[in-house]
Structure formats: C-alpha cells, structure tokens
Amino acid sequence: MKRTFLALAALGLLAGPAFADQAAADQCAAGLDADAKTVYAATASGFAGASDKRAYMTDKVRGLVMSGSLSRGTARSAAEAASTCLSKL
C-alpha cells in the first residue's frame, strides 16, 4: 500500500513540469503571427506525443492548406515559427 502511494506520488511529481512547459509554449505562441498561431493551435495537442514530429507537422500543415485555413505560400514559414514554440512542449 505504501509502495503504491509512493509510486503514484512520484508519477505526480514527474507530471508537474508538463504544465510549466505548456504555459511556456502557450506564452511563446501568443507572439506568433496569425498563420503560425493557426498551425500551433492545430498541432499543439499531439505534438509532444508524436514519434516523428516532422511527419506529424507535415501532415497537419498539409491538412490546413488543403482545407483552405492556411495558404500554400505561407505554410512553411508558419510551421517553422510554430515549431519554435512547440519545441517547448
């Protein structure tokens, strides 16, 4: 029983820094231009858990371009700007 509690407490302590990282990423994203904010909003939820972050970003940004939410001409620069903030996650 005591071991279970200690294990759960340790997991809770490990989860703590994720909130600080999320806050830092969100604060960074607040300074992005509109297109980069669109990319950030579309990718932030799954970015940290993605095994291949580049493929994840490419897929999401391609979807934004295809849906008309992002222009093809600004997609790369918006993704690069958003990835600066996403790297804080």
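Formation of a donor-acceptor pair under 3.5 Å by the T38 side chain with backbone atoms of A34 is found in this model. Counting only distance, with no hydrogens or angles, the side chain of K37 and the backbone of A30 share a donor-acceptor pair below 3.5 Å. Panel note: side chain K53, backbone A48; a donor-acceptor pair is recorded below 3.5 Å.
Atoms CG and OG1, on L86 and T43 in that order, are 4.0 Å from each other to the nearest 0.5 Å. The distance from atom OG of S67 to atom CZ of R62, rounded to the nearest 0.5 Å, is 13.0 Å. Taken from CZ in R72 to CE in M66, the straight-line distance is 9.5 Å, to the nearest 0.5 Å. Atom CE of M57 is separated from atom CZ of R76 by 11.5 Å, given to the nearest 0.5 angstrom. Taking CZ from F47 and OG from S83, the interatomic distance works out to 7.0 Å, rounded to the nearest 0.5 Å.
When all heavy atoms are compared, the tightest approach of L32 to A81 is CD2-O, 3.7 Å. The heavy-atom pair separating A25 from L89 by the smallest distance is CB-CD2, 3.6 Å. Here the closest heavy-atom approach between residue A82 and residue V39 is recorded as CB-CG1, 3.7 Å. Of all heavy-atom pairs between D21 and K88, the closest is CB-O, 3.1 Å. Contact between L64 and A42 at its shortest, heavy atoms only, is CD1-CB, 3.9 Å.
Tested against Y40, the residues D26, D35, T84 include a single side-chain hydrogen bond (donor to acceptor under 3.5 Å, both in side chains) partner, D26.
A donor-acceptor pair shorter than 3.5 Å can be found between the side chains of T74 and S71.
Around the CD atom of E80, the shell of radius 6.0 Å holds more than 12 heavy atoms that belong to other residues, nucleotides or ligands.
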